[in-house]
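We count residues from 1, following the sequence as given.
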Amino acid sequence: MNENKFLRELKTLIYLVREYGICHIDFEIDSKNIRDTEKADIFYYQCHQGFYAAQDRVIPLLRKIILEQEKLKTDLKNARRERQKEEASKINLTLRRVKFQEQVLRKLMDAIAWQLFSYDLSTMRRLYCGALPVVITNSNLDSELSFIKQYKENHPCGFSLISDLTSFIQIGDVVTVDKDNGICISELKEGAVNDQIFEIIKDVSKTQCPEKLQQELKGKDDRFLQQFKRVTKQINKTYQVSETIATGYGTDLFTGQTVRIVQGDVQPNTFFDTLRSLSLSCHKKGYAISVVEDCLLIGVYDITKFPSQVFDAWNDLLKIKFPIYDMRASFFDPLSFPIFLHGFSDTFILELISGKKVIKMSIDIEKWLSTFEKDGCTIRWLSKKETSKINSKMKGGNRIFDINGQGIEIEKDGITQIIGHGIFSRLFTSFLTPSSAKQHLLTMFVPPSQ
């Protein structure tokens, strides 16, 4: 899609997700009014109208972009076969731009999901299975759109999000939220075969009789039995995730590891105010830099005035081992905090997406890890062999965090954990201060009984 047209569409979408609800009420959103049931209902209704409008606009845009990708891939294949290097390079550059546009749209839908799940990343991680985003077509959303039409009629104040539009919700077909039922993850039945399968499941659930299931499946052909297995497996995944969310304990479907959802009343500290100040300052001289808690480096650049590569030189000068994080990479991280939910201006967000403005960050990992040791932790760098062995056991291509092939193990009071990528996503996209990120990791050392 043409870049200018894409940015114009995106500006409208950002308004629908961030501002529509506030702009369509005639009272202030404050602690008093949000406790007023009638006013709260009006506010949530208007927010959901904005979400619906955004979802309706994203569907055709995503379809168009995905079809464009398919054509570009074919053109690229032909150019390479005919050894047209310059043409292939040009097509590949366009393909990368269009793929980025897809990720931006999905991250915008993620921004809706984060609001539905009250910004609780520990819960949302349970919905991610490590699969690639679903390639939506003209047909595979029919059941979801039909469901939403009926859902609107029955729950006019609620909202229904199509999972396949997001980059991380890979459990269930739709996520719904309304005042009476709260938030629900649902599988949708589609087609005659699935109708039969759901009827069997419903009948067997009532009787709780294994013989009943055998009787129902007797005489069914292999195709039906294979579909039955797929449907029940998906239902089981949804049930497992729902149980984990409800109880706080379970198994991560992505990694296969035992997980604990930690929820606390303490609000973590962030460096957003620092970053916002830098975003304003960089307008004047083309750049602005800062260091948070003596270990986290930040640089904001207007590349029309100042090259962002100077940040790389700064990082190298300080001999920091950690790889530099470019904020645009957050759009490719399914579990990153959506930039749209931060308090930046719409203009600044659009400039980041277009590449006119650049945010780069890095952390002096050794300085940061030394603060763990002051809290009684022991830090050990795993060998490359140990790291490789752990990664080989991870499901879905997931990997632990490493630098030059070496992971990091933290031990305290006989409990050990290996650092994953998630904590750095919190640092660089949720803007947690290094000390808050450390405290988040330390909560994992508390035994479940406590």
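- Residues Ile359 and Phe348 have side chains in contact (heavy-atom distance under 4.5 Å, counting atoms from C-beta outward).
- Side-chain contact check for Leu275 versus Val300: some heavy-atom pair is nearer than 4.5 Å.
- Checking side-chain atoms of Ser146 against main-chain N and O of Ser143 turns up no donor-acceptor pair under 3.5 Å.
- Across all non-hydrogen atoms, the minimal contact from Glu144 to Val174 is CG-CG1, 3.9 Å.
- Between Ile390 and Glu409, the closest side-chain pair of non-hydrogen atoms is not below 4.5 Å.
- Expressed to the nearest 0.5 Å, how far CG of Leu72 lies from CD1 of Ile91 amounts to 7.0 Å.
- Inter-residue side-chain proximity for Gln115 and Leu341 is flagged as met; some heavy-atom pair is nearer than 4.5 Å.
- Taking the six-membered ring for Trp and the full ring otherwise, the centers of Phe401 and Phe322 sit less than 6.0 Å from each other.
- Looking at Asp402 and Thr387, their side chains never bring a donor and an acceptor atom within 3.5 Å of each other.
- No side-chain donor-acceptor contact under 3.5 Å links Gln49 to the backbone of Tyr20.
- In this structure, the side chains of Leu121 and Leu335 come closer than 4.5 Å at one or more pairs of heavy atoms.
- Minimum interatomic distance between Gln439 and Asp375 (heavy atoms only, all atoms of both residues): NE2-OD2, 4.5 Å.
- A donor and an acceptor atom, one from each side chain of Ser163 and Asp173, are nowhere located under 3.5 Å apart.
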task = Please test Arg18 against Asp346 for salt bridge (charged side-chain N to carboxylate O under 4.0 Å, His left out), starting from the C-alpha separation and ending with a verdict.
result = CA-CA 9 Å; Arg18 283 171 36 124; Asp346 293 0; 2.9 Å; yes
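- The pair Lys360-Asp312 meets the salt-bridge criterion, with a side-chain N (NZ, NE, NH1 or NH2) lying under 4.0 Å from an Asp/Glu carboxylate O.
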query = Checking salt bridge (charged side-chain N to carboxylate O under 4.0 Å, His left out) for the pair Glu102/Arg106: CA distance, chi angles, key distance, verdict?
reply = CA-CA 6 Å; Glu102 177 191 351; Arg106 291 188 183 277; 3.0 Å; yes
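- With a 4.5 Å cut-off on side-chain heavy atoms, Val17 and Leu108 count as touching.
- In this structure, Asp75 pairs ionically with Lys71, as a charged nitrogen and a carboxylate oxygen lie closer than 4.0 Å.
- Here the closest heavy-atom approach between residue Ile400 and residue Asn391 is recorded as N-OD1, 2.9 Å.
- When atom types are taken as modelled, the side chain of Ser388 and the backbone of Lys384 share no donor-acceptor pair closer than 3.5 angstrom.
- Looking at Leu116 and Leu161, their side chains come closer than 4.5 Å, going by heavy atoms from C-beta outward.
- Gln406 contributes a side-chain N or O that, together with a main-chain N or O of Leu382, makes up a donor-acceptor pair within less than 3.5 Å.
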Under 3.5 Å donor-acceptor pairs involving side-chain atoms of residues 5-12, not counting sequence neighbours:
from : atom 1 : to    : atom 2 : distance (Å)
Glu9 : OE1    : Arg57 : NH2    : 3.2

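- Side-chain atoms of Ser354 come within 3.5 Å of backbone N or O of Leu350 as a donor-acceptor pair.
- Proximity of a side-chain donor or acceptor of Lys305 to a complementary backbone N or O of His283 within less than 3.5 Å is detected.
- Cation-pi contact between Lys152 and Tyr52: present, with separation from the ring centre below 6.0 Å and deviation from the ring axis of at most 45°.
- Contact check on Glu153 versus Lys149 returns no salt bridge, with no Lys/Arg side-chain nitrogen under 4.0 Å from an Asp/Glu carboxylate oxygen.
- Side-chain contact, Asp302 with Thr304: a donor N or O sits under 3.5 Å from an acceptor N or O.
- At least one cation-pi condition fails for Lys374 and Phe372: the charged atom is not both under 6.0 angstrom from the six-membered ring centre and inside a 45 degree cone around its axis.
- Panel note: side chain Arg328, backbone Ile353; a donor-acceptor pair is recorded below 3.5 Å.
- The closest side-chain donor-acceptor pair between Lys107 and Ser336 falls under 3.5 angstrom.
- Ion pairing between a basic and an acidic side chain is recognised when a charged N comes within 4.0 Å of a carboxylate O; Lys367 and Glu293 show no such pairing.
- Side-chain polar atoms of Thr433 and Ser436 form a donor-acceptor pair below 3.5 angstrom.
- Minimum heavy-atom separation, Glu70 to Val135: OE2-CG1, 4.2 Å.
- The shortest distance between side-chain heavy atoms of Phe117 and Val175 falls below 4.5 Å.
- Nearest heavy-atom pair, Ile169 versus Thr166, reported as atom, atom and distance to 0.1 Å: N-OG1, 3.1 Å.
- Closest approach of Arg399 and His421 over heavy atoms only: O-CD2, 3.1 Å.
- For His342 and Phe337, the ring centers are positioned less than 6.0 Å apart.
- A ring-ring contact (aromatic ring centres under 6.0 Å, His included) with Tyr325 is found for one member of Phe424, Phe428, Phe431 and no other, namely Phe428.
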